[in-house]
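Structure first, then comments.
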2 protein chains.
Amino acid sequence: MTSTWEEKAADKRARINDSIPKEWRIQKLPTEDSVLEYPAKSGILSNEELSITQSSASDLVKKLAHGELKSVEVTVAFCKRAALAHQLLNCCLEFFPELAIAQAKELDEYFEVHKKPVGPLHGLPISLKDQLRVKGLETSMGYVAWLGKYDTTESTLVTLLRKAGAIFYTKTSVPQTLMVCETVNNIIGRTVNPRNKNWSCGGSSGGEGAMIGFRGGLIGVGTDIGGSIRVPSAFNFLYGIRPSHGRLPYAKMANSMEGQETVHSVVGPMAHSAADLKLFLTSVLGEEPWKYDSKVVPLPWRQSEEEVIKSKLSSGLTLGYYSCDGVVLPHPPVTRGVEMVVSTLKKHGHQVLPWLPYKHDFGHDLIGDIYASDGSTDVLKSINASGEPSIPNIKDLLNPDKGKIDMNQLWDVHLKKWNYQSEYLDKWREFEENHGRELDAIIAPITPTAAIRHNQFRYYGYASVINLLDFTSVVVPVTFADKSVDLKRSDHRQLSELDATVQAEYDPEVYHGAPVAVQVIGRRLSEERTLAIAEEIGRLLGNIQTL
Amino acid sequence: MTSTWEEKAADKRARINDSIPKEWRIQKLPTEDSVLEYPAKSGILSNEELSITQSSASDLVKKLAHGELKSVEVTVAFCKRAALAHQLLNCCLEFFPELAIAQAKELDEYFEVHKKPVGPLHGLPISLKDQLRVKGLETSMGYVAWLGKYDTTESTLVTLLRKAGAIFYTKTSVPQTLMVCETVNNIIGRTVNPRNKNWSCGGSSGGEGAMIGFRGGLIGVGTDIGGSIRVPSAFNFLYGIRPSHGRLPYAKMANSMEGQETVHSVVGPMAHSAADLKLFLTSVLGEEPWKYDSKVVPLPWRQSEEEVIKSKLSSGLTLGYYSCDGVVLPHPPVTRGVEMVVSTLKKHGHQVLPWLPYKHDFGHDLIGDIYASDGSTDVLKSINASGEPSIPNIKDLLNPDKGKIDMNQLWDVHLKKWNYQSEYLDKWREFEENHGRELDAIIAPITPTAAIRHNQFRYYGYASVINLLDFTSVVVPVTFADKSVDLKRSDHRQLSELDATVQAEYDPEVYHGAPVAVQVIGRRLSEERTLAIAEEIGRLLGNIQTL
């Protein structure tokens, strides 16, 4: 009864397809590059269901808490839209509408009896990256070898979201290994961007990016060790937060390189507004995750920290910014995006000053060495266990010949990391001393490109250096690439070979319309302040709630 | 010009002795086992100086802040008493009264001009373990090979204490490697306990234990990766706090196994009262250490957390306790100490319930493997660089034949650690669910013995498991061994070979009078609550301020 990896993958694909009820199946796939308009034309969602899915999570939980909506209605609406998402974008590794609707019924019954919600997320469907474990389901994480193992434990975050009233209905796709920013695996293949199938949805939380971007859900849970929440947020015109390590519970989640602690992967939400990110954070923190997961810092949501920012808005925030990290110059749409944010902020009375990226080349190399510290032993073990090949995107990054570093070399890496982090803090303090005021955050690109063409994601440094620093970072959607203004640079002097390659790949025509974002970077564990600044930037840009 | 390690050590000893002014030299060393009474009889300290050194840090900073005392007076008083300490107890690796008095003069001048203190520690001498770097001084940490290197950078904690107004005058002795709980090195030899030279002062912050126990200082700075703050606090009848990792800045300190991050060494104060520990914590946190050291969590002193405990005092705290961890049964004075605390708390209306130590044997073994994860490469390098031999106490713990674990084995260790920590939190929650109320802290032994006889420290588990859990722990002095009630057990059934050895070494006669302490254990980063509980226990025992 042994089967090949191809058979195992085909079986899983069939099972995912079978999980979609007949009446939600698309008879004829659309041919357009963008499928954003498809749900309204599909005939599968009612007007009410369209309206629910085009709402915000914050609005929905209010209505659910007041009995104006039933969880079953809301859940069915999102299950339908998620079913369309999978058929159009290929984004689900698990889809389980029956379990979701059963859970919704229980919550509706609870509400009927108690006349109050179970928690702040009562009845709201939340989409999960396929690293989070739900009892009875598979967590393949894109590895063929992991198929057929059904979870008997539940990730702590799932438990706490459930306590807060959330409903689960899908687990979304990831790239094999999680270590790249596009979403391709040998089980279901590639996930694409709902705005244009020729663009990547980003990765590694790319299934979430596509699903939430398509409004198959309003809040998705991603993880980030080198951009994996922020890149798909950026590529799908979403807000996303990479909290600092220790803010949200990661316990009992699946992972590649599990146990690696030099740079921690963190978990966080992706959504259409900063307000919905806040809803997620306050709801999870309200469950006191530090009483369950030893790595979580006992920090409830600090409303006072949010208020510090709000109280500064009238007199003006002090922000730093950079358009280029000195290693790879972003494409014209991205540098224009940063400039838009800077000029908009200045127009509204905020002080925005240049920030000199401190040794980002060093940071980028150091975190690269950390990712490779076991000579790819762990990910290769998971790939090779089924005989599947490495996906092309990861192939070049795997370097088993380099071998493992040893314990004393690792300790040296730790010291380099700590020194670099503390030196970065020195620069932050020096900036404050020089300008005589607090530096509230730094604005920067999150990728060198707008939502990227497939197989062209080459430079992770804008994201990964922030992981190395463990700074809090919130992605804010800004604008879209525009071939009429974002002309190809003719006078570019290359910063590096990689920079030249990236520049050469810019094509105003094919990027036209692709989402552009920035990240707002705050010091470690500054989620309240940084999110408040991100929200204000979104408000000033007119993007407070994205489509 | 090369010299042997013996010559280098002799030279350092001579330099330390030379740093003591002639008029502070003891002409004839006393023969008594205890030297606690010596300063009053020495003729070297004036009555006023005796009174200053017999005061509390909290009182002194108030008087300094109001101009009732000058920093020079206070500094000279402690320098004198520290000079006696070194001559009697052999506890200093650096002694620099001239620098200290110069610093005190500057502070007095500042006060003269500005009529206010520079910070909350204005003019107060603070003693430093010889891991903290002060510009221009040596940090040998007990390694002969490190002698002759003069620091050009300063530890972050030193910088922040200086900003808060603290004065530095000595750096105290440690055991070679720091990895044992007695204080012996090949530079100055053994540091002994001021209450009885036949007892250990503990370790690795043993120089601090002896110095503060002798009142050569009122607050000392120690570090703890397996008991090194708590054991010397206990053995010298002091309070001491092992904060959780990330509460206080450790950046730019010297260390053995620098860069090892699986279990972090932490830094914290030792003092004669919980109030003085709090003075230290609030003063350092007031300098916002998270803006300097990336590992520090941005948590100011949370007075509201302290108040939670204070508000519970009338209705009663809920505490767990254990007298035995299941691996080694403590000697009779220690189990009696725990019982004293439990019965005293009960008498005052607090609920004190048995706590079942969860897999402490596993925890003890796991942290032992972590200490040994580089096959002792790092410490042996530092020992061998000068040709000095290993001290007897560390010899058996070094195991180079075991070799280094590799990266994937380390990641397995990390997962084991995380699971164990989270399971311990599960037990804490279950206790709370079973009893329908919050568990405020756990009372436990910190060592299996009262202040121990030299070369008999064998079992670190009472301390080290708490390091593995990264729980906050505060040592509270309780009582003294008493041969009339702490009889040798005749009916002991051994728990392990180690347990049998430890039991056999109990001798009521030689332990008579030795300090006995407990530790009060709170969850991670619970310094405010745990310290408030420790203070209350001290108050109920009549030990709120120790001699």
Side-chain angles (χ1 to χ4, degrees), chain A residues 156 244 246 249-252 255 257-262 288-299 302 305 372-375 377-378 381 403-426 428-429 432 468-471 523-526, chain B residues 156 244 246 249-252 255 257-262 288 290-299 302 305 372-375 377-378 381 403-426 428-429 432 468-471 523-526 529:
Chain A
T156 299
S244 293
Y250 208 99
K252 302 183 191 171
N255 209 351
M257 304 167 68
E258 229 189 324
Q260 185 278 113
E261 294 190 348
T262 303
E288 304 186 305
W290 50 87
K291 294 188 174 174
Y292 297 77
D293 178 349
S294 62
K295 291 194 180 181
V296 179
V297 172
L299 267 188
R302 295 162 298 178
E305 287 291 295
S373 56
D374 79 332
T377 306
D378 183 81
K381 194 174 138 193
K404 304 181 190 191
I405 61 171
D406 83 4
M407 208 50 49
N408 301 98
Q409 289 169 317
L410 177 73
W411 296 352
D412 284 344
V413 168
H414 287 170
L415 284 179
K416 280 184 192 161
K417 175 190 69 171
W418 192 9
N419 286 337
Y420 178 62
Q421 291 171 335
S422 296
E423 284 164 22
Y424 218 101
L425 291 179
D426 292 344
W428 198 296
R429 284 200 329 280
E432 294 182 330
L468 185 67
L469 293 168
D470 196 23
F471 282 168
R523 268 187 291 219
R524 186 171 164 228
L525 293 165
S526 66
Chain B
T156 299
S244 293
Y250 207 100
K252 303 183 191 171
N255 210 350
M257 304 167 68
E258 230 189 324
Q260 185 280 111
E261 295 191 347
T262 302
E288 304 187 305
W290 49 88
K291 294 188 175 175
Y292 298 77
D293 178 348
S294 62
K295 291 194 180 182
V296 179
V297 173
L299 266 187
R302 297 163 297 180
E305 286 290 294
S373 56
D374 79 333
T377 304
D378 183 82
K381 194 174 138 194
K404 304 182 189 190
I405 61 171
D406 83 6
M407 211 49 49
N408 300 99
Q409 290 169 318
L410 177 73
W411 296 352
D412 284 344
V413 167
H414 287 169
L415 285 178
K416 279 183 191 160
K417 174 192 70 171
W418 192 10
N419 286 336
Y420 178 62
Q421 290 171 335
S422 296
E423 284 163 23
Y424 218 102
L425 291 179
D426 292 344
W428 198 295
R429 285 201 328 281
E432 295 183 328
L468 185 68
L469 293 168
D470 195 23
F471 282 167
R523 268 188 290 219
R524 185 171 164 227
L525 292 165
S526 66
R529 288 191 189 211

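Lettering of chains follows the sequences in order, A, B, ..., and the numbering in each one begins at 1.
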query = Looking at B/Ser526, B/Ala251, B/Ser244, which has the largest count of heavy-atom pairs under 4.5 Å with chain A?
reply = B/Ala251

inquiry  = To the closest 0.5 Å, what do you measure between CG (B/Asp426) and OG1 (A/Thr156)?
reply    = 8.0 Å

remark   = Separation between CG (B/Leu299) and CG (A/Leu299), nearest 0.5 Å, reads 5.0 Å

request  = Sort B/Leu469 into side chain, backbone, both or neither according to what part of it lies under 4.5 angstrom from a heavy atom of chain A.
outcome  = neither

key: Sidechain N-carboxylate O distance under 4.0 Å for A/Glu261, B/Lys417   = yes

message = Between A/Trp290 and B/Leu525, is there a side-chain heavy-atom distance shorter than 4.5 Å?
response = no

query = Can you check whether B/Ser294 reaches A/Phe471 side chain to side chain, under 4.5 Å on heavy atoms?
reply = no

request  = Check each atom of B/Tyr250 against the heavy atoms of chain A and say whether the ones under 4.5 Å are side chain, backbone, both or neither.
outcome  = both

key: Residue pair B/Met407, A/Thr377: steps toward the side-chain contact (heavy atoms from CB on, under 4.5 Å) verdict   = CA-CA 9 Å; B/Met407 211 49 49; A/Thr377 306; over 6 Å; no

request  = Measure B/Val413 against the heavy atoms of chain A and call it side chain, backbone, both or neither at under 4.5 Å.
outcome  = neither

message = Please check if the number of heavy atoms outside A/Lys252 that lie under 6.0 Å from its NZ is greater than 12.
response = no

query = Is a donor on one side and an acceptor on the other found under 3.5 Å between the side chain of A/Arg523 and the backbone of B/Lys291?
reply = no

Sub-4.5 Å side-chain heavy-atom contact between B/Trp411 and A/Met257 = yes

Contact origin within B/Arg524 toward chain A - heavy atom pairs under 4.5 Å = both

inquiry  = Heavy-atom cut-off 4.5 Å, strictly under: side chain, backbone, both or neither for B/Trp428 against chain A?
reply    = neither

ask   = Counting heavy atoms not belonging to B/Lys404, are there more than 12 under 6.0 Å from its NZ?
value = yes

